[in-house]
Protein chains: 4
Amino acid sequence: MARTDTVEEEATAATATAAARRGPGRKRDEATRHAILRAAYETLEAEGYGGFTIEAVAARSGAAKTTIYRWWPSKGALAIDSFLDLYQREAPFPQTRSASEDLKANLRLMAKIWGGRYGCIIAGIIAAGQSDAATIELYNERLVKPRREEGLRLLQRGIANGEFRPDIDIEAALDALYGAFYGRLLAWLEPLDPAWAERLCDTVLRGLMV
Amino acid sequence: MARTDTVEEEATAATATAAARRGPGRKRDEATRHAILRAAYETLEAEGYGGFTIEAVAARSGAAKTTIYRWWPSKGALAIDSFLDLYQREAPFPQTRSASEDLKANLRLMAKIWGGRYGCIIAGIIAAGQSDAATIELYNERLVKPRREEGLRLLQRGIANGEFRPDIDIEAALDALYGAFYGRLLAWLEPLDPAWAERLCDTVLRGLMV
Amino acid sequence: MARTDTVEEEATAATATAAARRGPGRKRDEATRHAILRAAYETLEAEGYGGFTIEAVAARSGAAKTTIYRWWPSKGALAIDSFLDLYQREAPFPQTRSASEDLKANLRLMAKIWGGRYGCIIAGIIAAGQSDAATIELYNERLVKPRREEGLRLLQRGIANGEFRPDIDIEAALDALYGAFYGRLLAWLEPLDPAWAERLCDTVLRGLMV
Amino acid sequence: MARTDTVEEEATAATATAAARRGPGRKRDEATRHAILRAAYETLEAEGYGGFTIEAVAARSGAAKTTIYRWWPSKGALAIDSFLDLYQREAPFPQTRSASEDLKANLRLMAKIWGGRYGCIIAGIIAAGQSDAATIELYNERLVKPRREEGLRLLQRGIANGEFRPDIDIEAALDALYGAFYGRLLAWLEPLDPAWAERLCDTVLRGLMV
DNA sequence: TAGTAAACGAGACGGTACGTCATGTCTTTAT
DNA sequence: ATAAAGACATGACGTACCGTCTCGTTTACTA
């Protein structure tokens with residue numbers, strides 16, 4: 001469908017604005033692009049972020065380093081691109097049941113994903129982002145913001161249908177709910193699993209006070 | 001004070017068990033140790049974690065790289081050591097008023113500190129920890145666990161004095177309260193300030209549901 | 001004049017045999033050819049041979065790299081082509097007076113040219129030729145041989161009219177007279193100027209022995 | 001003998017002034033230095049100057065690129081160092097017979113060496129020197145000047161003992177005699193052999209005029 | 001007046017080597 | 001026994017050009 005194509009293209013546009021450019025010159029080789037992305041993801045999985053090196057990706061993909069540098073401004077950007085599609089696919093945002101049930105389902109799913117093989121990749125990207133502003137901004141733009149937007153809508157829906165109090169601080173609530181993942185993943189090294197996510201959800205929904 | 005001394009000794013013990021060893025030979029040069037720690041902290045502040053290099057610390061302190069490697073197992077360990085004392089001093093855990101008031105005060109103070117010059121240092125350490133297990137474990141041991149312990153006691157006190165419900169999941173509550181700092185600091189790049197901390201505290205204490 | 005035309009055509013023929021080919025297809029764009037040659041010469045003058053890059057010439061001329069590669073087999077060939085016409089024009093071979101006077105005049109002129117802005121260009125071309133056989137052969141063919149031929153005729157004329165001994169080794173004499181330029185230009189970095197050329201000429205003509 | 005040592009050290013001093021420094025710190029590893037020089041020479045012989053790459057020398061020698069860069073400022077300097085000792089050994093300056101005989105013997109020997117396996121190495125170094133001032137200066141300092149000095153003395157000896165005219169221009173004579181080698185080696189690609197050297201010598205000694 | 005062949009610009013691509021940087025180990029000399 | 005100095009192997013960095021390869025467009029000769 002045309003619309004889907006457009007969305008796809010917009011998603012890609014962040015790193016490949018060139019795709020839209022018309023004019024003479026050889027076109028970007030899609031096969032190469034895919035080979036690089038695939039090699040990048042494989043490297044991330046096989047070596048972790050520590051072994052995620054432009055040289056390694058070049059070697060594994062058969063592409064030249066220069067080609068990678070031409071299209072991705074930094075290691076982090078490549079890493080994000082390489083696993084974003086896969087991640088998106090595995091993390092749909094449920095919108096079917098009650099707001100609190102949807103929230104719980106979403107947190108459970110996220111815990112499952114973050115607790116699995118994507119966890120250390122995400123951790124690596126965020127780590128890289130601490131010394132590379134572009135990377136962390138890209139992470140924000142492509143991963144955080146869309147999902148936070150969904151969270152915002154979910155909470156608004158909950159307010160609208162009377163599940164949540166109308167005076168809650170939505171930002172703070174999202175900080176509490178999703179921040180916990182970052183703390184456990186990055187600093188506390190505690191496991192992330194659906195059961196924990198459920199407890200977290202319950203705790204924040206009900207609050208601490210009597 | 002005895003307590004302070006104990007903490008100090010414990011702090012030093014982790015990286016410098018050699019100090020206690022008896023036997024022949026020149027004693028460890030305390031002046032050198034301090035010069036290194038000071039240089040390390042200055043480097044962190046001046047260059048950020050990106051420019052925090054063993055090489056740079058050696059150059060700034062006048063010590064040899066080998067000397068640094070002898071006493072600290074990794075970059076991260078040195079970074080933690082270099083700012084821990086300062087950090088500890090600035091972040092006391094209030095234990096005076098009601099549990100919820102104490103909690104709020106603590107979160108406000110923490111937001112102030114993390115929002116200031118220590119924020120990027122902490123971010124750098126956690127980033128380094130993602131590819132260096134020893135660093136993140138040290139961070140946990142020296143910074144997270146003691147404070148989490150205090151948080152645990154605070155919540156238990158709140159339960160005991162009837163402020164909080166007795167069935168709350170303390171772990172999940174701490175995850176929500178403190179995790180938010182990590183999310184904002186590391187990934188979302190949102191400012192950390194006392195006003196936000198207060199909103200966070202209120203939100204988690206009261207919960208979202210009607 | 002007929003002679004000039006012939007030389008011109010021969011000069012061009014080496015790199016553009018295609019011009020003669022008949023058949024369909026767009027003709028070679030003379031404007032482009034000139035733009036490339038001009039850009040090449042300018043690059044040589046401005047950057048020296050070190051900065052003489054196909055990329056640089058392409059950028060300066062506005063031509064595509066492919067166009068350059070289509071018409072010139074190597075960097076060196078382009079360099080030679082780019083300055084040959086100019087060089088030829090400035091270095092006529094005098095044939096008017098006595099053989100020894102003509103020789104001296106020729107050496108003086110050559111010293112003037114090699115000591116000026118062409119010197120480093122020639123040096124660069126010879127340097128490139130050391131790792132590119134085609135270049136040095138082209139240099140030989142286009143620059144050395146014609147002039148050496150003239151030198152040969154000059155010496156023969158001198159023998160014929162009794163100025164020079166009939167048993168001299170012409171090859172060795174030319175080696176001595178012209179080789180000195182290469183030594184000073186390429187290795188000894190001594191200045192080349194007419195006064196020196198005159199002393200050189202006298203020395204070789206008269207010999208060293210009593 | 002002390003004097004010899006001093007001379008040796010001076011010769012080495014150009015690239016290793018550090019040798020004399022006293023104080024703490026690991027000493028330069030002579031084995032590494034030799035391995036590098038040997039690998040450099042082997043590379044020159046095997047690949048020619050075109051394949052003479054710091055990377056290649058590093059790979060062949062087992063040393064790190066950084067180590068090479070620490071001790072040699074440029075490719076050219078390394079190339080010169082790597083073959084200088086060998087060259088020096090093979091090219092003594094005869095001082096036994098008459099000046100003209102000594103000169104002829106020297107030119108014959110030089111032609112033999114330049115015509116052999118050292119020729120293309122020298123050509124490569126001079127080529128590199130055209131775009132690297134330090135290299136050509138080093139070549140001058142270490143190879144040209146000492147020998148030219150000997151040539152100067154030889155001619156002065158010839159003047160003193162009545163073989164040569166007292167009014168000859170020594171500089172010009174040396175230019176003619178040795179320059180011929182550069183012309184043939186670098187530009188004309190004519191073979192260098194003892195028979196030619198002899199003819200050259202005779203020609204310059206006797207002169208061209210009747 | 002088509003068809004078609006070549007020239008041309010643009011620029012993507014796989015490569016090679018560059019010179020630099022930081023790491024962590026090792027060796028030497030001085031205290 | 002420590003410390004300072006610093007040589008060393010390692011390995012990745014990001015860059016500059018290389019020479020080759022599509023592309024889409026323009027030109028001009030031929031059928």
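Protein chains get the first letters and strands the later ones, always in sequence-line order, with residue 1 at the start of each. All figures in this text were calculated on a predicted structure; none of them were measured in a lab.
- Closest of all the heavy-atom pairs between A:A128 and A:Y49 is CB-OH, 3.2 Å.
- Within residues 47-63 of chain D, the residues approached by DNA chain E to less than 4.0 Å at the level of any non-hydrogen atom are D:T53, D:I54, D:E55, in residue-number order.
- Counting to the nearest Å, the P atom of E:dG11 and the CZ atom of A:R70 are 11 Å from each other.
- One N or O donor and one acceptor, one from the side chain of D:T66 and one from the base of F:dT10, sit under 3.5 Å apart.
- At a threshold of 4.0 angstrom between heavy atoms, the contacts of B:K65 include nucleobase atoms, whether or not backbone atoms are also involved.
- Of the side-chain N and O atoms in D:T67, one or more sit less than 4.0 angstrom from OP1 or OP2 of F:dA9.
- Using a cutoff of 4.0 Å between basic side-chain nitrogens and carboxylate oxygens, C:D81 and C:R142 are scored as salt-bridged.
- Comparing D:Y69 and B:S74 along DNA chain E, the residue whose closest nucleotide (by nearest heavy atom) sits nearer the 5' end is D:Y69.
- Atom CD in D:E30 sits about 13 Å away from atom P in E:dT28, given to the nearest Å.
- What separates CG of B:L78 from C1' of E:dG24 is a distance of 15 Å, to the nearest Å.
- For E:dA7, the OP1/OP2 oxygens have no side-chain nitrogen or oxygen of C:K27 closer than 4.0 Å.
- Look at CH2 on A:W71: it is 12 Å from P on E:dG14, rounded to the nearest Å.
- Using a 4.0 Å heavy-atom criterion, one finds that A:T32 contacts the sugar-phosphate atoms exclusively.
- Look at CZ on A:R26: it is 17 Å from P on F:dG19, rounded to the nearest Å.
- C:T135 and C:A77 get closest at one heavy-atom pair: OG1-N, 3.9 Å.
- Atom CD1 of D:I126 sits about 4.0 Å away from atom OH of D:Y139, to the nearest 0.5 Å.
- Residue B:I68 contributes atom CD1, which lies 14 Å from atom P of E:dA22 at whole-angstrom precision.
- Atom pair A:D29:CG and E:dG15:P shows a separation of 13 Å (rounding to whole Å applied).
- Atom CG in A:D132 sits about 9 Å away from atom P in F:dG14, given to the nearest Å.
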